[in-house]
Structure formats: structure tokens, C-alpha cells
Amino acid sequence: MRNFAVYSKDGCPYCLKIQEVLKIAGLNYVVYKLDEHFTTQAFYDEFGEGSTFPQVKLNGDNIGGCQESILYLQKENICCTI
């Protein structure tokens, strides 16, 4: 089973976009929000200094940001053309 995790922050349009894509595709995902579920330092410790929002993981493996995640979904034929 595919379980996606989206690490997001409020006010981020790309965070909303990837959540919408996952929802439309009918995929299982959970959203973790900055300052609610993790700190900025914890985010950088996990994804590296300079990482941007969102970051998406699939079954614990990092896929990347919004664009990388959409490309991954298309490449793996997990989701329709977006």
C-alpha cells in the first residue's frame, strides 16, 4: 500500500497543490504542518538545509517537493496526467 506524507506549512501554494493532486488521485496521505507537528530545525535535520516546502515521502522514502512528486506519480503511472 502506498502511504504518502506531506510536510507542509501554512500559506504555501505548492503544499496545497500536492495535497489536491494526491486527493484527486485517491491516494492515502497524511499532512504534517510546520509548528504543529515539527519545528523548522527538525525539518532541516530531516530534509537538509535549504529544503523548500512541501517535502513528500512515500512509505518513508523522500520523493522531493511538489514538482518532483508530480513527476514521480506520472513516471510510475500512479496518477493520471496532471
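Note: hydrogens, waters and symmetry copies are ignored here, and every other heavy atom, side chains too, is used.
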Would L58 end up clustered with Y29 when hydrophobic side chains under 4.5 Å apart are linked, directly or stepwise?
-> yes
Restricting to pairs with a member in residues 50-74, which pass ring-ring contact (aromatic ring centres under 6.0 Å, His included), not counting sequence neighbours?
-> F43-F53
Would you kindly confirm whether L34 and F47 end up in one hydrophobic cluster when ILVMFWY residues are joined by side chain heavy atoms under 4.5 Å apart?
-> yes
Using the test ring-ring contact (aromatic ring centres under 6.0 Å, His included), find all partners of Y32 that sit at least two apart in sequence or belong to another chain.
-> Y7, H37
For residues 59-67, run the donor-acceptor check on the side chains, cut-off 3.5 Å, and write out each pair with its distance to 0.1 Å, sequence neighbours left out.
{"unit_1": "N59", "atom_1": "OD1", "unit_2": "N3", "atom_2": "N", "d": "3.0"}
{"unit_1": "N59", "atom_1": "ND2", "unit_2": "M1", "atom_2": "O", "d": "3.4"}
{"unit_1": "N62", "atom_1": "ND2", "unit_2": "Q55", "atom_2": "OE1", "d": "3.4"}

Atom CD of E76 with >12 non-hydrogen neighbours under 6.0 angstrom = yes
Salt bridge (charged side-chain N to carboxylate O under 4.0 Å, His left out): pairs with one or both residues in residues 22-33, sequence neighbours excluded | D10-K33
Measuring from T40:OG1 to K9:NZ, what's the distance to the nearest 0.5 Å?
-> 8.5 Å
How many angstroms lie between CD in Q19 and SG in C12, if you round to the nearest 0.5 Å?
-> 9.0 Å
Going through the checks in order, is the side chain to side chain contact (heavy atoms under 4.5 Å, CB included) test met by I24 and E20?
-> CA-CA 6 Å; I24 289 169; E20 183 178 334; 3.7 Å; yes
Nearest heavy-atom neighbours spanning Y14 and P54 | CB-CD, 3.7 Å
Rounded to the nearest 0.5 angstrom, the CD1-OG distance for I18 and S8 is 11.5 Å
Give every residue pair that meets the side-chain hydrogen bond (donor to acceptor under 3.5 Å, both in side chains) criterion with at least one member in residues 45-54, sequence neighbours excluded.
-> Q41-D45, E46-K57
Under the side chain to side chain contact (heavy atoms under 4.5 Å, CB included) rule, collect the residues that match up with L27, sequence neighbours excluded.
-> F4, L22, A25, L73, I78
